[in-house]
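Have a look at the structure below, then the notes.
These values consider heavy atoms only, across backbone and side chains, with no hydrogens, waters or symmetry-generated copies. Predicted, not measured: the structure shown is a model, and the values here were computed from it.
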Amino acid sequence: MAMTESRAAAAAMVPIEVRVHAAWVASDRRTRVAHLTAVVLSLLLPAVWWGARSFVRAVVDVTPVVAVGSGVAGAILATAALVDLHERRLPSVLLTWAMGSAAVGVGCHASIAADPELLVPMLVGAVVCGGVLLGVYLTRGIGMGDVKMAAVVGAATAPLALVAAPLALAVGAGVAGVWGRVTHRHVIALGPFLWIGWFVASCAAVVGLLR
């Protein structure tokens, strides 16, 4: 345990760009393609929001800056997930950046629309999703990085639709469980599956399926 903690501490001291580069180099082609696809899909979230509002007439009570903030957060989370696949450890600095992006989006919405109410669902989403995985963490089933990423996922999705936060967590956990059974793995990196949950819930929210 002491050796594991010392290695984790040493990894945290390495500059994040070095850790991301190392994860990229160590990845196979399929993983690289999946990562780039995840980043692009994340950054396209504002375009999905615009398309839904313009063509489907979806009703989503947020300004585009919230979708931009959540989309950038998703791209950062996708990169954190890549590092998780390589190190089995989610980098706190990337999770902080992702949380900051979601917060900036909500903050800009509050300023533009003179409506600070989205701050409440953001906090609720972070507490609910982070709290659920904190309970799992206390059973030694996951790492603390997973708890932090769940909180970010909740904070990034709840402003789009409050129900999106628990949906994201449920989808991520469900897909992870199925993947574990199919591959017969008892230990998997949870980061990529939390990103999948974020993506599904965010898209469902911005096209008006969740209110």
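- Between Val147 and Val132, every side-chain heavy-atom pair lies at or beyond the 4.5 Å cut-off.
- Of all the heavy atoms in Ala150 and Cys129, the pair that sits closest is O-CB, 3.2 Å.
- In this structure, Ser101 contributes its side chain and Trp97 its backbone to no donor-acceptor pair below 3.5 Å.
- Considering only heavy atoms from C-beta on, Trp179 comes within 4.5 Å of Arg185 through its side chain.
- If you chain together hydrophobic residues whose side chains sit under 4.5 Å apart, Val136 and Leu190 fall into the same group.
- In this structure, Ser27 and Leu82 have side chains that are in contact, with non-hydrogen atoms separated by less than 4.5 Å.
- Met122 and Ala102 get closest at one heavy-atom pair: CE-C, 4.1 Å.
- Distance CG/Leu94 to NZ/Lys148: 12.0 Å, rounded to 0.5 Å.
- The CG atom of Asp84 sits 7.0 Å away from the CZ atom of Arg88 when rounded to the nearest 0.5 Å.
- Looking at Leu169 and Leu133, their side chains come closer than 4.5 Å, going by heavy atoms from C-beta outward.
- In this structure, Val25 and His21 have side chains that are in contact, with non-hydrogen atoms separated by less than 4.5 Å.
- In the hydrophobic clustering of ILVMFWY residues, with side-chain heavy atoms under 4.5 Å counting as a link, Phe199 and Leu209 come out together.
- Taking CG from Leu45 and CG from Leu160, the interatomic distance works out to 6.5 Å, rounded to the nearest 0.5 Å.
- Cluster membership for Trp195 and Ile16, using ILVMFWY side-chain heavy atoms within less than 4.5 angstrom, is not shared.
- Contact record, Ala201 with Ala164: CB-O, 3.3 Å, taken as the closest heavy-atom pair.
- Proximity of a side-chain donor or acceptor of Arg89 to a complementary backbone N or O of Val83 within less than 3.5 Å is not detected.
- The nearest pair of heavy atoms linking Ala176 to Ile188 is O-CD1, 3.5 Å.
- A single hydrophobic cluster is not seen to contain both Val124 and Leu118; linkage of ILVMFWY side chains at heavy-atom distances under 4.5 Å, directly or through other members, places them apart.
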Exercise answer: donor-acceptor pairs, residues 65-79 side-chain atoms, under 3.5 Å, sequence neighbours excluded:
residue	atom	partner	partner atom	Å
Ser70	OG	Ala156	O	3.0
Ser70	OG	Trp198	NE1	3.2
Thr79	OG1	His35	NE2	3.3
Thr79	OG1	Ala75	O	3.3

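- For the pair Pro166 and Leu162, the tightest heavy-atom approach, listed with the atom from each and the gap, is CD-O, 3.4 Å.
- In this structure, the side chains of Glu117 and His109 stay at 4.5 Å or more apart for every pair of heavy atoms.
- Considering all non-hydrogen atoms of both residues, Gly191 and Leu90 come closest at CA-CD2, 4.3 Å.
- Atoms CG and CE, on Leu95 and Met144 in that order, are 10.5 Å from each other to the nearest 0.5 Å.
- Val178 and Leu85 sit in two unconnected hydrophobic clusters of ILVMFWY residues. Membership requires side-chain heavy atoms under 4.5 Å apart, directly or through other members.
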